[in-house]
Chemist: 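Take this structure first; my questions come after.
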Amino acid sequence: MAENRILPSRSAKSVTGLAIVVAIVLFAIVAPFFTQNPRFSGNDAFLPPNVDHLLGTTKLGYDVLAQLAHGARGSLIVGVIAAAIAIVLSLIFGIFAGYAGGWTDEILSMGTNVMLVIPGLPLVMVIAVYAESRSIWLVAFILGITSWAGSAIVLRSQARSLRSRDYVGAAQVAGERTFRILLVEIMPNLLPLLAAQFLSALILAILGEAGLSFLGLGPSGSITWGTMITDANGGNAMSAGAWWWFVPPGLMIAVFGAGLSLVNFSIDEVVNPKLRVVADPAVRRRAPKAGASA
Amino acid sequence: SGTGEEQDGAAAPTLNVWAGSQTPITANFNPFAPTVLHGALGPVYETLFLYNKAGGGDPVPMLGETFEWNEDGTVLTVTVRQGVEWSDGEAFTVDDVVYSFTNEITKSTYLESAEATDDTTVVLTYSEPQFTNEFAILGGAWMLPEHVWSEKSVEEATTWANETPVGTGPYTVDTVSEASYTLVANESYWQEGKPAVKSVRYLGIDANASAEDLLKSGDLDWAAMFVPDPEGIAAAGGPAGYVNTPQDPTVLYTCANAELGCAGPQTDVAVRQALNLALDRGTINEKAFVGLTGTISPTFALLGRDDQWIAPDVDKQSPQAADVDAATAVLEAAGYAKGADGIYAKDGAPVELELVSVEGWTDYNDAAKLIEEQAAAAGIKVTATTVTWQEFSDNRQSGNFQLIMGGVIGTSMADPFQIYRDWFSGEYTQPVGTQLEAGEWNFTRYSNPVVDAAVATAAAASDEQAKMAAYTEIQHEISRDLPYIPLVINATQTFYNDAEFTGWPTEDDLYAFPPSWGAVSAGYILANLEPVE
Amino acid sequence: MGTLEVRNLVKDFRVGHGLRRSRLRAVDDVSFTLEAGKTVALVGESGSGKSTVARTLARLETPSSGEILLDGRPVSGSRNALRAYRHEVQMVFQDPFASLNPFHPVAHHLERPIRLHGLERNREGVTARVHELLERVQLTPAETYAAKRPHEMSGGQRQRVAIARALAPGARFLVADEPVSMLDVSIRLGVLNLLARLQREENLGVLYITHDLATARHFSDEILVMYRGQVVERGPSDRVILDPQHEYTKTLLAAAPDPARHGRLRDEVRAELAAS
Amino acid sequence: MRYFVRRIIFYAITVWAAISFNFLIPRLMPGDPAEIMLAKMARNGEIAPGVERTIRLLLGSDTDQNIWEQYVAYLGNLFRGDLGVSFTKFPTPVTELIGAALPWSLGLLGLATIISFVIGIAAGAWIGWRRGTWVDHIIPGSTLLQSLPYFWVALLLVYGFAVVNPWFPRIGGYDVFTFNGPEATMEFAGSVLYHGLLPALTVVLSSFGGWLLGMRNMMVATLSEDYITTAEAKGLRRSRILLGYAVRNAALPSIAGFGISLAFVVTGSIVMEQVFTYPGLGKLMITAVQGNDYALMQGLFLVITLTVLAATFLMDIVYGFVDPRTRQNG
Amino acid sequence: MSEPVLTARGVSIEYRTAPVVRAVRDVSLTLHRGEILGLAGESGCGKTTFAYGLTRLLKPPAVLTSGEIVFHDRGGEDIDVTALDGDALRAFRWDKVSMVFQGAMNSLNPVITVRAQIDDVLTTHRPGMPRAERAERAAELLRLVDVDPSRLDSYAHQLSGGMRQRVMIAMALALEPQVMIMDEPTTALDVVVQRGILREIMRLRERLGFAVVFITHDLPLLIEISDRIAVMLEGAIVELDTAENLYERPQHAYTQRLLESFPSLTGERGDFVRTGEAAGPVVRAPASDDQAAATPALEGTA
Ligand SMILES: Nc1ncnc2c1ncn2[C@@H]1O[C@H](COP(=O)(O)OP(=O)(O)OP(=O)(O)O)[C@@H](O)[C@H]1O
Ligand SMILES: Nc1ncnc2c1ncn2[C@@H]1O[C@H](COP(=O)(O)OP(=O)(O)OP(=O)(O)O)[C@@H](O)[C@H]1O
Ligand SMILES: [Mg+2]
Ligand SMILES: [Mg+2]
């Protein structure tokens, strides 16, 4: 019955995943209103976690929690924008190729495949160097335009299979225009898939931004989890024993990524019913006749 | 040369030096190549004299024994050391000295002639007075073996990697790999019995953090780098020797001259003055530089060393605490008014500045963030961003910036003249958009006829009084105009292993500038070291 | 009253990729005429080109050559002509699970053709017509069904919606490509009956495509037998089934299961084995 | 055969695209490499006019060729294996630098990728096979691993196992305090292995989760295929069903997607190499980027892309062998 | 009537989903040696589930909740199938009862050759068999189903649908089982091809004497080929009789209605189709004609 649902309701994985994602997103939205100015250097430096500074302070006396909250905002902005750009591009390349077929398809998918095997970071690095000053938007943009190929491939194959569905033919026979068919008939059925692709693109972009920051090519002037790790590393947080500065941003990225993956996992199960796994019902107590180990 | 020397490894320990973040290392011992390895400059090639940037004092004779200027500073007579051999066994002669000054690569435009008047004397004749260039001539020109270099055309000479350099220094090159290069003692070195340390390895390590870890574990014996917690190195088991020699000013370059194309609020001297007053240098030193930097003088004379050159009626030190009221008063007097967002503005243009520092120079990055905060308190919006070194360099060269956090190269002699001439005079700059020429350092595009005239006067002045009068004029101008807003005298921390090697320059005996990357001085120090038995 | 005529229809497909493309003639010189109020059955084994004929008639494929004439006039390719054509000729697809968009409710499927063909302008008019259509295909109460999504309905119900959709523009000709082959045996006749009734009531011309010879016989006036893209036999339905002329028709008839022949296959095999 | 022809055409086009990207990007960049070079030299003293001329010639600015002539010349140079001269390591040819770094990256990444691939596939197969049991709880853990930033893992490992507990070396591809350069000795080989451990562990830790999850999903999907039920009905041994029927089929997408994932791993390890001062391509890439060393950057980008392509190509061939369907129709 | 070879008594199977689906309800059935037993019924009535139950192939969430399945071996001993476990179950499968599934396309492992798949069966169940003999046997099996033995080295995708199904039948015969369960083995095929395969099965049955459980929803087909037919409705068997009786004298209303769903090909041209509304009696009380097709769990896979 779950054909139209993007998220299945109750599976431990999806609930956990969703809870993590929602919590972190809320944290990013709400927490900055309650924390200190993340660039307030009046606190003592390298304070371990305490009542006033739940996650301690940095070398410059910045409150780590405040940084983490603003960093969450920064990272999410980068992630969401990059993912949105990637999704739009992959829609154009994927769905258009899949629906159009023929030579259009051949050429577009060739382009997609090429983009896919060209390793992203070197390309991003080269483009990032080209940019004069890197705002958070620009970094997001660069990450977006270099990371769409993977989803384009998936969307293309899906669009191809949807295109041959009879309901597309039926819409044509009813006299619908191609654009409307794409938009109204095909797109909605790609929603779960799009959602899944969006979420993976999101975490990839956040990771990408972190990597860029570490190389000194990140968004200048903004706070993200990536710049936090980089600052912590540059400020010798580890050797100063300031784990509270170094560990949280990395952990946030990982946990957020895990949350998104779990949600994706559940979406996968909606898209592909074969993945729905049923736990072995508790039949052990029954007589061996009752078909025990299968 | 092979690796056969390893047998004596146990007896004579190898000294491990941090060669900087420059992996992969590629063999290049050509002192004229931009990518030359540090080991060439001092340990292999030497100059006529050694100038002690750290302690001042008389130049130390190296390949030259004595020198003498004529009255007007256009003729310099140098007596050359005898009995020195090149590392390939050839004798070092006055002809080599002459060659070193007259070859196509290094010949300066104002050198009229260089002649060996006998086997021990070389006379250099210039078209203009060169008193103030003494360091560049005697302490900065590398002595080259004519029999090797004269075979190279100019083109070759600049692109030549010179993998087995022939020099007069205490060391010769043994091996080079992408991770390290090793120097071994030059057994025929002219200083009897030196060097006592037979083998030196320079290691390329990319991240400061890694180098710091290796210092702590005692793997590195000599490294100069910024470490926030210098005591921690020895405490963790690393080398216990540590010396801090603040020498080079750290400043905010402002693109100051609207006439040469600078744009932005910082072209208004009031904004620069306000920013100068708004800075809390104490906090910057305390937090970003962990209290390791020195106090800067707005005259750019090095406090302590150059005190005699500071005019009595200028501020000796830049203000150490923020004076927000004074800062806002300056702005208001200049017609700025505070906007709703707390930022001053004039004619609708808010005082918003972009401050650039080099990515990965964490102390600078931190200082920039602090400045952002401090300026905001005075109603000036500064946005700190980071760029790669290369971008920073490009911006600086072309004048394409508002504020840059950067260094000024401190003078090697106890005299600020070189800074005044190279960094402040209008002849040493170019319009915005044009790259500075070689030797021009006036990145701020500052141009002030009073300063220019005073610099010319000082250059030709043969007595101290005349020079001082010119300097006073310069100092008045620059401490008012603030094209470079002085911040601190940057820390130069050097860590050395005095448990295994002795003879290092120390706080008490700064006989040479101590960091491992110091040109000439590094070779001089290495030659003076001795392994502990 | 009206005719839909197919003349010398040929359809080639290009198969394969890149350099090694080749042609596949799916339909080879097929001609027939659909008349209002009459049903023509198109039978033949899998891959014989039946669906291709259907899709070409619905203008989902363009013929490689040949003509389609509506009421004796050739149909041009212009957008307006195409719309006018689709006003008259509609199609019911084979798979009721695939021919309705799982994302949209039943109402959407019926409203779109009504709006596209400009039959009603205002919302109430459209809704009324949707309900009327649903009642015509016996999906009552119409309000309930209009709100349902395809996955909330059984195969038979879906196929009824599909039929209603085909009727929505007020079409005079219906191409039904195996409309019941995906349905459960016990409901096939129900759907066919419905189609038959509508055909009679609205005087439709129907092209009934099937591989089930029995329903072809009972449901249609004329049968065309297709084999490898060509029509190999045609005639009144009883004649074709009871007195097949072409070899292929005979093979097809022999292969069709017939409960009346129970046990015969076993006996034949036994006889064969005994003989060898 | 058609399959291979198609793939080869694909590779040819990709190589061409990479090469052309490479040509275009620096030409879109601002700044003049020769100017930067000269500025850099100026820090060591004055530059004689002759030197300046040489450098301008060398770095090819001020050319009056049009873009097409440049493109042709560029292709010509590539064809001769000439990638230009690095300028952060002036005057070392780019090929020489890359040549020295390539074996390190290939060795480290190659080995680490194979290990992580094998572990990931094996673990994924196992978790998929035992689906519906407690092993499903491993999934959330591996999603966590999958989203770890490579360099963060590297830094943590360094801190834990090289600084606090100095069990592993802090930097380098071999013991730079003992060896003056690569040698052909057992000790050296041992040192290389020892130094490769933490970097390899980083790659394995942060990449095997991806393989694992992909394989697990495919495994679950495969296990619901009819041929698995058939195999069970045939009474085959479980090991045979697992290996011959389930894993064989479930691993196909992972093999097909190997190149793509490899591109991700390469991406991650670029940053990782910086942490370990590992003498590989990633390290070099960072040097190039930080020094605006266009020639080196171009060369590296090309070589990294080609390496990934080569790996993809190899996997394609492997795929051709394990999946008979590809051999017939593309 | 000959002796029984497989007896199922009171078999019930549930899918432990929410809500629980009782797919097979208390089914008892006896299969005699050498007979073809047809199992007819609409989609979703539990035919496949029952077949899986017979061979113990049920996977979670399916559970055999009650019932007994006994296999009467040729030697006379009885095997309690529901009690089999582990190796004993493995040894029982295919050797005694083999299966041919609906989708032949998907029943063959796409990545290994036909030969390897037949070999798998032989090496597992006949461990001592020398390689040459196995090769010979494989070739023989293919010849048996009228497929050229050169096809042994083909992969599934290189065979046509009919050939694949023949290969599956050959494989099912590899161990000369006493029972073969065929779950809609010809549904996806063309009538002409279907006929060929049916003929093949009949021929092999005559020669090898195995019993067949033939599952399909095509009642006319069953009537034509089966000895006896069981009609299943909502998990229960509602009628079980010889094909002749069932055709001529259907007892259960549902059977009658099923039969009426198939107009005769060559018989009287009844007018019931064209006048339509006089379809057979409605069996299930509230149902409109097609309620039965609403099998949610199968959606999307159909
Ligand atoms: N889009 C297409 N591209 C290439 N070949 C096609 C295409 N559509 C159909 N064909 C081929 O054309 C031939 C006729 O196909 P068609 O679908 O018309 O047969 P059919 O009689 O409807 O078969 P079935 O009874 O299985 O539905 C087949 O060989 C088919 O493979
Ligand atoms: N995995 C499952 N989970 C829950 N219910 C299931 C599952 N598989 C089958 N069922 C339900 O069990 C019932 C019997 O299904 P089964 O597949 O045995 O029917 P069938 O008679 O073989 O149908 P068909 O003719 O369509 O193959 C159906 O109602 C179906 O919805
Ligand atoms: Mg068809
Ligand atoms: Mg079934």
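We name chains A, B, ... by the order of the sequence lines, and we start the count at 1 in each one.
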Chemist: Name the member of Val290(B), Val358(B), Asp366(B), Leu370(B) that forms the most heavy-atom pairs with chain A at distances under 4.5 Å.
Modeler: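 Max contact count across the listed options: Asp366(B).
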Chemist: Please tell me if the side chains of Lys369(B) and Asp231(A) come closer than 4.5 Å, counting only heavy atoms from C-beta onward.
Modeler: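 They are in contact (side-chain heavy atoms under 4.5 Å apart), so the answer is yes.
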Chemist: Give, as side chain, backbone, both or neither, the part of Asp229(B) having an atom under 4.5 angstrom from any heavy atom of chain A.
Modeler: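 Neither the backbone nor the side chain of Asp229(B) comes within 4.5 Å of chain A.
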Chemist: What residues of residues 58-84 of chain A make heavy-atom contacts with chain B at a cutoff under 4.5 angstrom?
Modeler: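 The residues closer than 4.5 Å to chain B, in numerical order, are Lys59(A), Leu60(A), Gly61(A), Tyr62(A).
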Chemist: Please state whether the side chain, the backbone, both or neither of Glu286(B) comes within less than 4.5 Å of a heavy atom of chain A.
Modeler: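 For Glu286(B), there is no contact with chain A at all, as no heavy atom is under 4.5 Å.
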Chemist: Taking everything shown except Phe141(A) itself, do over 12 heavy atoms lie less than 6.0 Å from its CZ?
Modeler: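 Counting neighbours around CZ of Phe141(A), 12 or fewer heavy atoms of other residues, nucleotides or ligands fall under 6.0 Å, so no.
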Chemist: Given that the side chain runs from C-beta out, which part of Thr227(A) has a heavy atom under 4.5 Å from chain B: side chain, backbone, both or neither?
Modeler: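 For Thr227(A), there is no contact with chain B at all, as no heavy atom is under 4.5 Å.
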Chemist: Counting only heavy atoms closer than 4.5 Å, note whether Glu372(B) contacts chain A via side chain, backbone, both or neither.
Modeler: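 Only the side chain of Glu372(B) comes within 4.5 Å of chain A.
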Chemist: Starting at OG1 of Thr230(A), measure out to CG of Asn365(B) and round the result to the nearest 0.5 Å.
Modeler: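 Result: 10.5 Å between the selected atoms.
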Chemist: Side-chain polar contacts of residues 213-220 of chain B - donor-acceptor pairs under 3.5 angstrom, sequence neighbours left out - could you list them?
Modeler:
{"from": "Asp213(B)", "atom 1": "OD2", "to": "Arg170(D)", "atom 2": "NE", "distance (Å)": "2.6"}
{"from": "Asp213(B)", "atom 1": "OD2", "to": "Arg170(D)", "atom 2": "NH2", "distance (Å)": "3.2"}
{"from": "Ser217(B)", "atom 1": "OG", "to": "Asp213(B)", "atom 2": "O", "distance (Å)": "3.3"}
{"from": "Ser217(B)", "atom 1": "OG", "to": "Leu214(B)", "atom 2": "O", "distance (Å)": "3.1"}
{"from": "Ser217(B)", "atom 1": "OG", "to": "Asp219(B)", "atom 2": "OD2", "distance (Å)": "2.7"}

Chemist: Any idea which heavy atoms bring Gly235(A) and Thr362(B) closest together, and the distance?
Modeler: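 Looks like N-CG2, 4.5 Å.
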